[in-house]
Student: 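Please see the structure below; I have some questions.
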Amino acid sequence: MYGRLFTYGRKKLKYGLIEAFFTWLESLEVLLFLWALADYYNSQRLGFFFYLIIPVIFLSIIVYRFLFSEKIVQVWSNSAIKEIQKDFLNVYLRKNNFNQKISALIQRDLKAITDLNSFYALIVPTLIKLSLTGLLLIIFIIIWQPLAIFIPFLSIILIGLGMMALAKHGDKENARYINSFVHMGERFLDDFFEMNAIIMYRRDRAFSADFHRDSENFRKRTMAVLAYQLQTLNILDFAIYGGIGAFALFLSFGTAQGNLSVVQAIILFVLDADWFIEFRKSGYFIHVMKQLSPTLKHIFAQIDDKNSFSSQKKQRTIANDIPKILEITINNLSIGYDKPLITQLSWSLKIGHLYALSGQSGSGKSTLAKTLMAQQKSLAGEISFSDKKLRFDANFRHDWLKRAIYLGSEPYLFSGSIIDNLLFASKYDRKELIKIFDKFGLCSFVSSLPDQYDSQVGENGKWLSPGQRQQIAFGRAVAADKNFYIFDEITSNIDHENAGIILRAMKRLAKEKIVLIITHKIEDLKQSDQIAFITGKKAVIGPYESLLKNSPSFKNLINQQLLLLKGNKQDA
């Protein structure tokens with residue numbers, strides 16, 4: 001399972017290896033410096049080796065840190081995590097029943113995927129450093145003191161035997177802890193939602209006693225897991241620090257016998273201590289990965305679901321599936337369910353214009369949006385793009401979502417930072433994304449936040465205002481870089497200032513993409529280049545002033561909005 005993690009981000013793997021190598025090189029520089037001091041103390045001079053090697057390594061590290069480090073650090077990690085997120089999300093993009101419950105589940109799993117950063121950014125570099133330091137240690141031991149090689153090996157064997165002895169006990173304690181945790185969570189939710197009934201039937205004392213008993217059981221299970229973890233750390237520390245001490249004694253004995261010089265003993269000791277410290281780190285990281293393994297299995301099970309199309313490993317390119325959308329043509333379209341809501345709609349949407357869809361509630365606007373997103377079959381007519389026809393099968397829908405995106409009035413934000421929400425759907429990096437948002441005039445409010453783009457949003461953005469949440473959701477859609485955008489009443493439930501920011505950004509986006517907004521707001525309609533107004537199951541199409549003049553129904557809708565605005569001003 002862990003080997004599979006290396007299959008992600010392969011194109012960026014070289015950056016991870018470079019980062020790990022230079023991290024190791026920095027620790028090697030310290031070793032060489034100590035070596036040089038010891039050699040100078042011993043012989044009162046430095047050899048040509050130190051005059052050449054130390055400056056070269058030092059300059060290499062300086063050049064890397066100042067010129068390349070920022071471009072390389074976590075590039076592999078971010079690339080791999082994005083690919084895992086993409087495969088995982090593809091499973092849910094094929095489903096029509098996407099709701100807040102599923103969003104919460106996805107959020108949990110996406111959080112676990114993000115936690116894999118510890119594997120790519122910490123564990124792998126540590127293992128590489130461990131391997132390189134170990135190789136160097138073995139070479140020097142074989143050259144200078146061959147018998148000393150048995151001490152590190154015996155320490156590793158001791159660690160392995162200790163861990164094996166505790167493994168079964170640890171698995172049982174972890175299983176009990178997880179079961180207790182799940183039970184407590186379910187118990188809390190049940191009691192919370194049934195609180196009125198509990199009080200009404202005077203069962204609160206009994207439920208309180210049960211809850212106390214379950215809480216005590218959870219406390220005991222938690223303490224048992226902590227005790228197990230402390231036992232593993234004790235074994236690890238005993239073997240590691242005992243091994244370092246034994247190695248130091250062995251080197252001291254070798255030096256006293258004249259088999260080792262003081263310089264050689266210092267080098268071997270520093271290498272051995274550095275290697276054991278890295279080994280201890282890797283032990284902690286492996287423990288972290290072990291905790292993540294159940295969720296990781298779940299994520300890969302979702303990706304490999306035989307019923308999902310993502311598991312079929314169809315290596316198709318976007319260009320072959322859905323070409324870039326430059327125009328969408330709606331020809332004599334009728335949509336609805338048992339009865340048609342809109343009939344004989346013909347309309348052409350192109351890049352460079354902001355289009356609006358309007359009409360009274362229940363007129364079929366949202367149904368048309370679903371049809372344009374390939375989620376709701378039409379009753380008659382067709383929709384075409386780039387000499388191809390829109391289809392309504394699951395395969396096509398998945399490919400269409402690579403080019404089209406829908407955003408409603410109540411978007412879902414994932415727990416994490418603002419930049420986390422923006423980046424997970426984006427092909428851009430952080431700097432590129434911020435430049436794009438500056439161009440669109442989006443998310444300027446982050447400059448007033450203490451952590452700016454790293455500010456936490458809370459579950460579903462609860463720590464932000466509705467307008468700020470909508471800006472982030474809109475920005476996330478822009479960052480996804482689609483060809484066709486549908487925005488359904490996204491400015492209807494937010495304040496005037498944020499609505500204005502988003503409207504200006506939509507007009508800017510319409511210069512490069514096909515943008516359709518579903519709205520009843522006067523300002524949005526005025527700013528649109530062309531409006532399709534649904535009335536009597538038909539669409540009247542034209543600019544704002546033309547519809548106001550020629551469509552009594554449209555004029556009536558605008559008058560209703562004006563009266564509503566006037567009433568709100570009087571109330572204020």
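The figures that follow rest on heavy atoms only: side chains count, while hydrogens, waters and symmetry mates do not.
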Student: Do Ile244 and Phe269 make a side-chain contact, defined as non-hydrogen atoms from C-beta onward lying under 4.5 Å apart?
Tutor: yes
Student: If you measure from the Lys or Arg side-chain nitrogens to the Asp or Glu carboxylate oxygens, is any gap between Glu216 and Arg219 under 4.0 Å?
Tutor: yes
Student: My understanding is that only residues two or more places apart in sequence, or in another chain, count here; which of them pass side chain to side chain donor-acceptor pair (under 3.5 Å) with Asn259?
Tutor: none
Student: Got a salt bridge between Arg403 and Asp481, using NZ or NE/NH1/NH2 to carboxylate O under 4.0 Å?
Tutor: no
Student: Measure the shortest side-chain to side-chain distance between Lys129 and Phe21 over non-hydrogen atoms and say whether it is less than 4.5 angstrom.
Tutor: no
Student: With the threshold set at 4.0 Å, does a side-chain nitrogen-carboxylate oxygen contact exist between Arg65 and Glu26?
Tutor: yes
Student: Roughly how far, to the nearest 0.5 Å, is the OG1 atom of Thr133 from the CH2 atom of Trp24?
Tutor: 6.5 Å
Student: Rounded to the nearest 0.5 Å, what's the gap from SG on Cys443 to CD1 on Ile472? Could you check?
Tutor: 5.5 Å
Student: The test is side-chain contact (heavy atoms from CB on, under 4.5 Å); show your working for Ile128 and Leu132 and say whether it passes.
Tutor: CA-CA 6 Å; Ile128 292 173; Leu132 292 173; 4.0 Å; yes
Student: Can you tell me how far OG of Ser252 sits from CZ of Phe247, rounded to the nearest 0.5 angstrom?
Tutor: 10.5 Å
Student: To the nearest 0.5 angstrom, please state how far the CD1 atom of Ile418 sits from the CD atom of Gln471.
Tutor: 10.0 Å
Student: Between Glu512 and Lys439, does any side-chain N to carboxylate O distance fall below 4.0 Å?
Tutor: yes
